[in-house]
Each structure stands twice: as structure tokens, then as C-alpha cells.
Amino acid sequence: METTVEIAEGAASNDPEVGLRAVAALRALTEQLEHLQVDNARALGWSWQDIATRLGVTKQTVHRKHGRRVGSR
């Protein structure tokens, strides 16, 4: 797996092969970070609405994506 620095450098590349690989890696990293932070927020008692507001999505969207994984609490 590429380091974060390598991914960031790749994202700025003029080579589409390198740049698009970096985009895919950034998407995967973003998903992992979102899951981690949603888990953290729910563990601290945050509501789905609180989380959705911070992510810039609707409560329904965030609950649909994460509700089954972390439980409804």
C-alpha cells in the first residue's frame, strides 16, 4: 500500500495513470476515516443528525450507510 505522502504526490501528477490511482486510494482512505469517525461519534452518544450535519449529508443518508454497521443506539 502506498503511503499518504505518495498518494498526495500522485494526486498532483500530470500522468493520468498515477493520478487516477491516487484518486482511488484517496477514496478508500476517506471511507476508512469516515467509518472510524462515525464509530467514534456514536460511541460518544452523538445523534445521527449531529453526524450528518458535520458530513454535509442528510440524517437518512448517514444512517442508511452506517446504521447497520454500528447499530442504531
Side-chain angles (χ1 to χ4, degrees):
M1 179 165 184
E2 295 173 296
T3 68
T4 305
V5 171
E6 291 170 333
I7 294 169
E9 288 172 349
S13 174
N14 289 328
D15 181 347
E17 174 69 26
V18 174
L20 291 171
R21 271 198 331 261
V23 168
L26 287 168
R27 281 187 183 142
L29 179 59
T30 300
E31 283 297 311
Q32 291 171 351
L33 290 171
E34 182 176 320
H35 284 233
L36 173 68
Q37 294 304 331
V38 167
D39 289 351
N40 289 342
R42 291 299 291 165
L44 291 172
W46 284 38
S47 70
W48 291 112
Q49 184 61 59
D50 292 336
I51 296 166
T53 298
R54 279 21 172 243
L55 291 175
V57 298
T58 66
K59 177 176 76 170
Q60 292 80 6
T61 297
V62 76
H63 188 264
R64 188 178 321 115
K65 183 173 182 179
H66 298 284
R68 288 190 191 132
R69 192 177 49 75
V70 297
S72 296
R73 288 186 244 170

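Reckoned from all heavy atoms, side chains included, excluding hydrogens, waters and symmetry mates.
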Look up atom OG1 in T61 and atom NZ in K65, then write down how far apart they are to the nearest 0.5 Å.
-> 9.5 Å
Treat each ILVMFWY residue as a node, draw an edge where side-chain heavy atoms are under 4.5 Å apart, and state whether V38 and V57 are in one component.
-> yes
Going by atom types only, do Q49 and T53 share a side-chain donor-acceptor pair under 3.5 Å?
-> yes
Going hydrophobic residue to hydrophobic residue with side-chain gaps under 4.5 angstrom, can you get from L36 over to W46?
-> no
Single-linkage hydrophobic cluster V18~I7, side-chain heavy atoms < 4.5 angstrom = no
Output for pair (T30 OG1, H35 NE2), nearest 0.5 Å, gives 11.0 Å
How long is the gap from CG on L44 to CZ on R42, to the nearest 0.5 Å?
-> 11.0 Å
Atom NZ in K59, atom CG in D50: separation rounded to 0.5 Å?
-> 10.5 Å
For S13, check side-chain hydrogen bond (donor to acceptor under 3.5 Å, both in side chains) against everything at least two apart and list the hits.
-> none
Closest non-hydrogen atom pair between A22 and G10, with its separation | CB-C, 3.6 Å
Got a salt bridge between R21 and E6, using NZ or NE/NH1/NH2 to carboxylate O under 4.0 Å?
-> no
